[in-house]
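One structure below.
Order of the sequence lines fixes the chain letters, A, B, ..., with proteins taken first and strands second; residue numbering starts at 1 for each chain.
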There are 2 protein chains.
Amino acid sequence: MDVQRLELLRELAERRSITEVARATHRTPSAVSQQLKVLEREAGLPLTERSGRGLILTDAGRALARSATDVAVALARARAVWDEFRNDATGEVSLVTFPTAGEMLLPGAVRSISAVPGLVVNCTDKDPELSDFPALTAEYDIVLAYSLRGQVPWGGRGLTVVPLMTEPLDVGLPAGHRLTSRSWITPADVIGETWIGAPEGYPFERILHQIEQKAGSQITIAQKFADLRVIEAFVVAGLGIALVPRYTWGGDQPGRLVLKPLRGVDAERQIVALMRPDRAERLAVRTVLEVLRTEAARVQAQHALIP
Amino acid sequence: MDVQRLELLRELAERRSITEVARATHRTPSAVSQQLKVLEREAGLPLTERSGRGLILTDAGRALARSATDVAVALARARAVWDEFRNDATGEVSLVTFPTAGEMLLPGAVRSISAVPGLVVNCTDKDPELSDFPALTAEYDIVLAYSLRGQVPWGGRGLTVVPLMTEPLDVGLPAGHRLTSRSWITPADVIGETWIGAPEGYPFERILHQIEQKAGSQITIAQKFADLRVIEAFVVAGLGIALVPRYTWGGDQPGRLVLKPLRGVDAERQIVALMRPDRAERLAVRTVLEVLRTEAARVQAQHALIP
DNA sequence: GACATCCATGTAGCAACGCTACACACTCCG
DNA sequence: CGGAGTGTGTAGCGTTGCTACATGGATGTC
């Protein structure tokens, strides 16, 4: 019935705890509990069940929370309509990114956005290993994440996904390496090489496994680092070769690090923006998204010129 | 921002006057005015303009009212979701119809609905000439209306239209008429005949014009009646022939009135249910609609057996 | 041209609602 | 067995949205 109450139910569905909902909505847990009780009484059937010291939603609760999302989207769209009427893309937009995308896209994007008066973006970065990126949509308006081809970890959660770019993953070689004369590299070429890999759980690992399978031999992984700078340093030092995202590559090792495209495996990652559907409707958010898309296109075009 | 206020704006868009909105929502005009003022202040731009002693919506107001409809639809859908969860198609549904459809569909439909406990339909009829049927959606949940093929008078108003059946319009002849031996009739056949027509503005008139055009000669219209019973009585009395909806035909003149299908012109009318989109989402309304559809199918099937 | 009428809109007051603050019950874990 | 984490009741208070009544314009009529 009441939209505010439905909103609370939706928050509960995402945050799994009344205390968390209260914190997020600047209320007392008691207030949240009371409102949900009223909603439940109106609905005429239980929406939550106690489970340990917390609680979980019933099937009915989940269904109602889903509808609540549609209501929130419609409402956000209404807001956007009159923001457009006033040409007023004003407000704060919060954004998280994984580090490499932040380095590649955000400086240019933030500069463009600073040209829009009244529009403010608050950016942070988070380690993709430590955080559940889809879950971050509860806290941030825009979440920049990446996935490998075919991998869709954020499907089914009802999130809005906007693709920004697809970035090829190349093989990084030290200058003078035997393969630097090649114009591309296949899995067979790298048999016997030592790799600088990524920690377990990182999606890059899957690609190394694919290379293993295609080449039919096992891969030697010497070190596992999460930070691209560290990886690059090791490659330059001749301690191994590594997968390096083509556009994100630091480039501060001119001539000492050589990138070669990889053929025979799906070596690319897709960089996307994840959002809660209602937040995606906000005019300010849509404006930031548009800037990110053009910035991504700019980066991609720039690298196409200097291969 | 607030849904209640958006709802008031939407009502204002339809009812054109604060007093009317107040009456419809069981409030004082003052209350409505105050809430719209708040909405306007929040929006930051004027939503209404004074015009004479009433007021009209600005462009921004109309746009916002449209979004308000989407919000109302989402909200109604949420209600329907948990009504379905409880299997609870309870409530009152109001319905207006034009007389012939009421005679044909409502007795059977109301009987079926009475089998659903807690579901109540309040039916009325209105003369299609005297009332603007699309506008009646403001007062009634379901409005039964008809249109001829190609005619869509309710488009663009943002109403939900559910087709119930298409009913052929036949030519009604008195027993013993020279054409009763034919199995169908063409415009050329009826040259020289005297017609019992419908008053101006009634859609039947258009079909008579079509017959005129196809036949290439002018039609003689002796009388113009709105009520089908009167028309039938005149036909039986041998005072002329007339267009008669095939399923709606009274049938209380057995053997004295003969119906023959008309070929060569689009002689059929479509019977539809008109609804405000949010009301169409209500489970009770959808249930009634379903009954109406099956009842329409039953009537159609019954007449197919006895041609 | 004065008056009745029909609008929308202010103002004061009141009732209802949703929040905070605090206390309490319960579960998990060291 | 506490202690820290949950969710939930109760009392009280501020805000909000309503009614009742009065006011200001625009329209139409005798």
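- Between the side chain of B/Ser33 and the base of C/dG10 there is no donor-acceptor pair of N/O atoms closer than 3.5 Å.
- Straight-line distance from the CG atom of B/Leu8 to the C1' atom of D/dT16: 14 Å, rounded to whole Å.
- Inspection of the B/Thr100 and B/Arg269 side chains reveals an N or O donor paired with an N or O acceptor under 3.5 Å.
- Residue B/Gln4 places no side-chain N or O under 4.0 Å from the OP1 or OP2 atom of D/dG17.
- Listed candidates were D/dG17, C/dC7, C/dT9. Nearest to the side chain of B/Thr19 is C/dC7.
- Counting distance only, with no hydrogens placed and no angle test, the side-chain atoms of A/Ser30 and the base atoms of D/dG7 include no donor-acceptor pair under 3.5 Å.
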Subject >> Test side chain to side chain contact (heavy atoms under 4.5 Å, CB included) applied to B/Leu57 and B/Leu64, step by step >> reply: CA-CA 10 Å; B/Leu57 278 80; B/Leu64 199 49; over 6 Å; no
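- At whole-Å resolution of the value, CD in B/Glu40 and C1' in C/dA8 are 13 Å apart.
- Heavy atoms of other residues, nucleotides or ligands lying less than 6.0 angstrom from CD of B/Glu42 number more than 12.
- Mapping A/Val38 and A/Arg50 onto DNA chain C via the closest heavy atom, the residue that lands nearer the 5' end is A/Val38.
- Rounded to an integer number of Å, the gap from CZ of B/Arg23 to P of D/dT19 is 14 Å.
- Look at B/Arg5 and you'll find a side-chain N or O under 4.0 angstrom from OP1 or OP2 of D/dG17.
- We find that CD1 of B/Ile18 is positioned 15 Å from C1' of D/dG24, with the value rounded to whole Å.
- OP1 or OP2 of D/dC18 lies within a sub-4.0 Å distance of a side-chain N or O belonging to B/Arg27.
- For the residue pair B/Arg10/B/Ser67, the side-chain donor-acceptor check at 3.5 Å is not satisfied.
- Contact annotation: the side chain of A/Arg276 never approaches that of A/Thr160 to less than 4.5 Å [non-hydrogen atoms, C-beta and beyond].
- Distances shown here put a side-chain N or O of A/Ser17 below 4.0 Å from the OP1 or OP2 atom of D/dG7.
- Taking atom CG on B/Leu55 and atom C1' on D/dA26, their separation rounds to 13 Å, with Å as the unit.
- Considering only side-chain atoms of A/Lys37, the nucleotide from C/dT9, D/dG9, C/dC19 that sits closest is D/dG9.
- Of the candidate nucleotides D/dG28, C/dC19, C/dC22, D/dG28 has the atom lying nearest to any side-chain atom of B/Arg53.
- Considering only side-chain N and O atoms, B/Gln34 lies nowhere under 4.0 angstrom from the phosphate OP1 or OP2 of D/dC18.
- With rounding to whole Å, B/Asp2 atom CG is found 10 Å from D/dT16 atom C1'.
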